[in-house]
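Read the structure below first, then the notes.
Numbering starts at 1 and runs along the sequence shown.
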Amino acid sequence: MAGHPLQRLASPSRQVSMLLHTAGIASFLASFRFLSNWETPMSASFGGHYQFLTIIGLSLALCTFVVGLIADITLSPSFFQVKNSLAVCSAPLEVLISILFWGLCAIDKNLVFPPESELPLLPNFGFHAAPGLFLALDLLLLSPPWTIDGFAAVALSQTIAFMYWFWVEYCYSQNGWYPYPIFELLSTWQRALLFAFSAFLMTGTTMSLKWLYGKVNGLESFQREAISDPAGIRKGMISNHADVRTKPE
């Protein structure tokens with residue numbers, strides 16, 4: 001099955017697409033296996049390791065690639081469409097997680113985990129870099145262009161951010177501590193600002209991935225849209241104007 005005409009490589013397919021999805025699933029499962037053997041106070045607390053945005057993102061990435069692999073095996077357009085829909089959420093989220101994690105580590109590692117919980121390099125890469133890289137490759141090489149505009153990206157990002165904030169605060173009410181040390185250092189309104197900033201950063205990540213897709217696949221109009229008309233306002237106005245002009249009197 002050739003897939004969308006604007007894709008660089010065929011997908012779903014039993015060649016490169018299946019290889020990438022299989023490699024990604026193997027990486028994600030290896031991270032979960034490490035997690036299952038990693039005994040910390042967090043693992044025995046309410047919410048367990050799923051208090052971490054990293055693990056929530058990893059779970060979503062695994063679901064995305066499992067659906068993608070099913071599409072490759074069955075050559076099903078329906079599963080391929082579901083995979084692409086999941087990727088609109090999981091790819092920007094994983095890139096955001098990588099940016100936030102490595103950015104905070106560059107400032108102070110103690111903001112993201114206490115010294116006794118520091119991960120070795122390879123598991124750290126598997127949790128905080130590999131998922132974003134795999135999902136970005138899937139988007140750039142094996143997916144049709146995203147149609148999500150800026151308004152929808154903001155709505156999606158804000159929804160994820162504040163759902164996670166609610167979940168973190170609920171876990172705090174049960175455990176008496178936050179999963180990330182940085183949350184302990186911030187007041188309530190400062191945490192709200194942090195989550196709001198993260199949501200807009202995720203929106204920017206979505207539009208940047210759209211721009212990069214256009215760059216990699218030679219779609220100049222797609223690049224211009226991601227920069228000059230991220231909200232899709234101009235495109236919508238042109239479409240509406242065309243509809244009015246073609247409407248019979």
Side-chain angles (χ1 to χ4, degrees), residues 28-29 31-67 82 85-105 107-114 116-119 123-124 126-132 135 148 151-206:
F28 305 155
L29 289 178
S31 294
F32 276 113
R33 182 179 180 183
F34 174 88
L35 197 65
S36 67
N37 296 322
W38 191 40
E39 293 296 332
T40 66
M42 189 68 65
S43 60
S45 64
F46 179 83
H49 293 296
Y50 288 92
Q51 296 175 68
F52 292 105
L53 183 62
T54 298
I55 307 307
I56 295 173
L58 185 65
S59 301
L60 186 56
L62 178 60
C63 290
T64 302
F65 267 43
V66 166
V67 174
V82 172
S85 298
L86 289 171
V88 172
C89 177
S90 60
L93 179 60
E94 279 296 349
V95 173
L96 171 70
I97 288 170
S98 296
I99 293 171
L100 291 176
F101 178 81
W102 296 108
L104 288 171
C105 280
I107 299 170
D108 185 355
K109 291 182 179 180
N110 292 329
L111 293 174
V112 286
F113 45 68
E116 64 272 12
S117 299
E118 186 172 351
L119 293 169
N124 215 355
F127 283 115
H128 300 109
L135 284 161
I148 188 172
F151 284 138
V154 168
L156 177 63
S157 301
Q158 293 283 0
T159 299
I160 292 173
F162 286 97
M163 284 180 64
Y164 179 62
W165 184 24
F166 174 82
W167 170 240
V168 164
E169 294 294 344
Y170 183 67
C171 290
Y172 176 81
S173 70
Q174 301 295 314
N175 299 322
W177 70 78
Y178 288 104
Y180 295 106
I182 188 175
F183 293 160
E184 301 278 2
L185 303 176
L186 303 177
S187 63
T188 300
W189 72 267
Q190 287 173 329
R191 283 195 296 274
L193 287 177
L194 176 62
F195 281 106
F197 169 76
S198 299
F200 281 108
L201 186 58
M202 181 175 168
T203 301
T205 299
T206 302

Reported [atom1]-to-[atom2] distance for the pair [X] and [Y], which is rounded to 0.5 angstrom:
| X | Y | atom1 | atom2 | result |
| --- | --- | --- | --- | --- |
| Leu60 | Leu53 | CG | CG | 10.5 Å |
| Trp38 | Leu119 | CH2 | CG | 4.5 Å |
| Phe113 | Glu118 | CZ | CD | 4.5 Å |
| Ile99 | His128 | CD1 | NE2 | 13.5 Å |

Is any side-chain heavy atom of [X] closer than 4.5 Å to a side-chain heavy atom of [Y]?
| X | Y | result |
| --- | --- | --- |
| Leu111 | Leu185 | yes |
| Phe195 | Gln158 | no |
| Leu58 | Pro131 | yes |
| Ile97 | Phe127 | no |

Give me the atom names and distance for the closest heavy-atom approach of Met42 to Trp177.
CE-NE1, 3.5 Å
Do you know the tightest heavy-atom contact between Leu186 and Ile182?
CG-O, 3.3 Å
For [X], what residues pass the side chain to side chain donor-acceptor pair (under 3.5 Å) criterion, not counting sequence neighbours?
| X | answer |
| --- | --- |
| Gln51 | Ser45, Asn175 |
| Ser157 | Thr203 |
| Ser31 | none |
| Ser187 | Trp189, Gln190 |

In chain order, what residues pass the ring pair (Phe, Tyr, Trp, His ring centres under 6.0 Å) check against Tyr170, with sequence neighbours excluded?
Phe46
Going by ring pair (Phe, Tyr, Trp, His ring centres under 6.0 Å), name the residues that satisfy it together with Tyr180, two or more places apart in sequence or in a different chain.
Phe52, Phe183
Let me know which of Pro179, Ser43, Ser36 forms a side-chain contact (heavy atoms from CB on, under 4.5 Å) with His49.
Ser43
Quick one: side chain to side chain contact (heavy atoms under 4.5 Å, CB included) partners of Ile56, sequence neighbours excluded?
Tyr164, Trp167
When the side chains of residues 85-93 are checked against the rest of the protein, which donor-acceptor pairs come out under 3.5 Å, sequence neighbours left out?
residue: Ser85; atom: OG; partner: Gln81; partner atom: O; Å: 3.1
residue: Ser90; atom: OG; partner: Thr64; partner atom: OG1; Å: 3.1
residue: Ser90; atom: OG; partner: Leu86; partner atom: O; Å: 3.1

Would you list the pairs meeting salt bridge (Lys or Arg N to Asp or Glu O under 4.0 Å) in which at least one residue belongs to [range], sequence neighbours left out?
| range | result |
| --- | --- |
| residues 187-197 | Glu169-Arg191 |
| residues 48-63 | none |
| residues 50-60 | none |
| residues 45-66 | none |

